[in-house]
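The basis for the numbers below is simple: all heavy atoms, side chains too, and nothing from hydrogens, waters or symmetry mates. Start at 1 and go down the list; that is how both ligands and their atoms are numbered.
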Amino acid sequence: MNTTHTILTGDRPTGQLHLGHFVGSLRQRVQLQQEHQQFILIADLQGLTDNGSNPQKISHNILEVMADYLAVGIDPSRTTICLQSALPALAELTALYMNIVTVARVERNPTVKNEIAQKGFSRALPVGFMAYPISQAADITAFNADLVPVGDDQLPMIEQTNEIVHKMNSLTSTPVLRHCKAQLSDVSRLPGIDGGAKMSKSLGNTLTLSASEADIHQAVSAMYTDPNHLRVTDPGQIEGNIVFTYLDAFHPDKTLVAEMKAHYQRGGLGDRQCKNVLEACLQELLAPIRERRATFIQDKGQLMAMLREGSERAHTLTQQTLHTVKRGLGLPVLF
Ligand code: TRP
């Protein structure tokens with residue numbers, strides 16, 4: 001990537017961010033802000049689509065997520081961090097786009113389909129939840145984003161966004177919306193500390209960015225290794241051994257990790273030793289993040305002020321997109 005892109009990413013504020021977020025996106029965002037125009041959206045409205053009866057969960061976590069961003073090194077002077085519910089243009093664009101997306105099309109979105117099945121909504125499916133990909137298309141297009149770094153579960157959202165862009169642009173005499181591309185994270189999904197397929201708050205197998213030294217120690221000690229590696233001298237398996245998955249994801253010294261893997265496979269390297277190396281590296285990674293986070297979360301007034309500043313900037317920009325779309329459709333822009 002040597003051209004400058006306009007980048008949008010977002011997170012639902014349903015809980016504190018964890019190591020899975022760090023590996024899958026936060027780390028990249030800290031890099032991307034050096035070269036690109038980056039926006040990060042705290043997607044509280046999207047969070048409410050399946051927490052309609054529990055709004056406190058979402059509202060409480062807005063500043064928690066803000067503190068997580070700042071703690072990992074997302075710099076508000078380089079990245080615009082903003083709040084979805086503070087940006088009326090996003091809701092208005094959603095309302096406009098809803099008229100050009102069919103029910104059949106939203107029902108076909110594989111990610112939404114999976115989520116609906118998983119959550120067992122049946123007829124209690126909130127309308128807002130069904131429609132959240134349309135709202136996400138509004139987010140992406142409102143910011144004129146051309147690059148959206150996401151996990152593979154979000155690819156259907158990008159596809160649906162581009163369909164909306166295409167349809168909208170075909171309705172207006174000159175194009176009003178920009179197409180976007182997904183940028184898939186090059187690291188695979190981080191498994192949970194229990195070895196489960198995914199680190200996820202709802203599965204209770206996470207290490208948050210504010211995890212204490214004791215939490216980290218306990219998580220690493222309990223980590224799943226190779227159940228057949230009974231004696232240190234036995235050859236051990238790397239595949240499915242999440243201590244090595246985590247070493248790959250977090251340890252800066254790739255040569256050391258490669259040597260450890262070879263040694264483990266040959267036999268003679270104990271689980272305890274591997275876990276010690278992993279624990280030291282996680283403690284070193286998380287200590288400064290935890291410290292910075294604790295300082296930020298103490299001053300919620302300051303966090304809110306930073307969020308307001310970013311949201312103001314985002315408001316101006318998204319309002320412009322809304323006006324362009326309205327004019328394109330022949331709707332008067334009264335103010
Ligand atoms: N759907 C994303 C998630 O669950 C959050 C999100 C909302 C988002 N709006 C976005 C991501 C816009 C990228 C771009 O993680």
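- Distances between N or O atoms of D11 and those of ligand 1 include no value under 3.5 Å.
- Inclusion of Y132 in the set of residues having an N or O under 3.5 Å from an N or O of ligand 1 is not warranted.
- Under 4.0 Å is where a charged nitrogen must lie from a carboxylate oxygen, and between D248 and K261 at least one such pair does.
- Side-chain polar atoms of R105 and N109 form no donor-acceptor pair below 3.5 angstrom.
- Remark: minimum distance from atom 4 (O) of ligand 1 to any protein heavy atom is reached at R12 NE, 3.4 Å.
- Counting only N and O atoms by type, the side chains of Q16 and D68 include no donor and acceptor under 3.5 Å apart.
- Residue Q84 does not touch ligand 1, judged by heavy-atom distances below 4.0 Å.
- At the shortest separation from atom 7 (C) of ligand 1 among protein heavy atoms lies Q46 NE2, 3.3 Å.
- Ring to ring, H229 and Y264 are close: their centroids are under 6.0 angstrom apart.
- Residue-ligand proximity, V148 to ligand 1, at heavy-atom distances under 4.0 Å covers atoms 13 (C), 14 (C).
- In this model, no donor atom of one side chain and acceptor atom of the other lie less than 3.5 Å apart for D153 and T111.
- With respect to the salt-bridge test (charged N to carboxylate O, under 4.0 angstrom), the residues R108 and E159 do not qualify.
- Atom 9 (N) of ligand 1 has D139 OD2, 2.8 Å as its closest protein atom, hydrogens excluded (heavy atom only).
- Protein heavy atom at the shortest distance from atom 15 (O) of ligand 1 is G10 O, 3.9 Å.
- The distance from ligand 1 to the heavy atoms of A43 drops below 4.0 Å at these ligand atoms: 7 (C).
- Using a 3.5 Å distance cut-off with no hydrogens or angles, the side chains of S135 and Y97 do not pair a donor with an acceptor.
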